[in-house]
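Here's the structure, in structure tokens; my notes come after.
The analysis underlying the following values was restricted to heavy atoms, covering all of them including side chains, and did not include hydrogens, waters or symmetry mates. Keep in mind it's a predicted model, so treat the numbers as computed, not measured. Numbered from 1 within each chain, the chains take letters A, B, ... in sequence-line order.
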Amino acid sequence: MLVEVKTTPFDANGALSRFTLSRPHAGACVSFLGTCRADSANGAVLGLELQHYPGFTEQEIGREAKAILSRFDLLDLLIIHRVGRVAPGDAIVLAAALSAHRAAAFTAVEVLMDYLKTDAPFWKQELREDGWHWIEPTKEDVARSARHKGDLS
Amino acid sequence: MVRVLFFGRLREAAGRSELEITPTGATIADLICQIERQEPALGEALRSPSVKVALDQQFVRPDGQISGAKEVAFMPPLSGG
């Protein structure tokens, strides 16, 4: 299991390729790459600034990833998340799961991403034409995450 | 002495990322009152029900005891991805 928080741009394709090749017994690799959009419902987005809590953020994601790894029938999980200034088009998050068959990996990546959106210790600001704006989880994000928590209880 | 950390919009409200303080009370609520006496707006922001608190890098209930913690972190709603 690899959990990394990066302060500089990362090579998502290279990381995914290394991850996939590391487990020859896996028959399925499902990945999600989240990137910085150039626009939002509020207009043009010039960039994002992400903060984390060094040590704690990695620890909390690791704890959740470990729970997901054992809950679903997975061989491994990969999470790489950017912090600092991110430009439109840049990768923000790469989440990937390896399993023997695809169903477990699909579900695991969805659950992991919904956790990262609402419960992982990150804070982000969006730079628009009129300045910086804090971004908090949407109602949809919270509802999605709550649904998984219900599934897991 | 406790190191108090602020993240996200709370860092903006505090005007800095951290401060050091010697707690005069036993609980997180006492600590917030102590900060509020110096900085009323920051104290009010820390009281928001949406703020999560960690003591020495463990999530705790906002009504918990400080009991010898070295680091207290105040965290507004989390948002990654």
Single-linkage hydrophobic cluster, 4.5 Å side-chain cutoff, Ile21(B) and Leu5(B) together: no

Main-chain N/O of Ser79(B) paired to Lys117(A) side chain as donor or acceptor, under 3.5 Å: no

CG (Asp73(A)) with more than 12 external heavy atoms under 6.0 Å: no

CA sep, side-chain torsions, deciding dist, call: Glu71(B), Tyr53(A), side-chain contact (heavy atoms from CB on, under 4.5 Å): CA-CA 12 Å; Glu71(B) 193 172 278; Tyr53(A) 181 177; 2.4 Å; yes

Exceeds 12 heavy-atom contacts within 6.0 angstrom, atom NE2 of His133(A): yes

Crowding at CD, Gln58(B) (>12 non-hydrogen neighbours, <6.0 Å): yes

Whether Phe7(B) and Trp123(A) hold their rings parallel, tilted or perpendicular, with breakpoints at 30° and 60°: parallel

Approximate separation, where rounding is to 0.5 Å, of Leu116(A) CG and Leu78(B) CG: 11.0 Å

Top contributor to chain B contacts, counting heavy-atom pairs under 4.5 Å, from Glu49(A), Gln59(A), Met113(A): Gln59(A)

Arg37(A), CZ atom: more than 12 neighbouring heavy atoms under 6.0 Å: no

Spacing of CG belonging to Asp119(A) relative to NZ belonging to Lys52(B), to within rounding of 0.5 Å: 5.0 Å

Exam field: side chain His81(A) to backbone Gly80(B), donor-acceptor pair closer than 3.5 Å: no

Proximal component of Gln51(A), with respect to chain B [non-hydrogen, under 4.5 Å]: side chain

Glu12(B) versus Gln125(A), side-chain donor and acceptor atoms under 3.5 Å: yes

Under 3.5 Å: donor-acceptor pair, side chain of Glu136(A), backbone of Pro77(B): no

More than 12 heavy atoms from other groups under 6.0 Å of CG on Asn13(A): no

More than 12 heavy atoms from other groups under 6.0 Å of CZ on Arg102(A): no

Met75(B) vs Phe56(A) side-chain heavy atoms within contact, under 4.5 Å: yes

Neighbour count above 12 (heavy atom, 6.0 Å) for Arg61(B) CZ: no

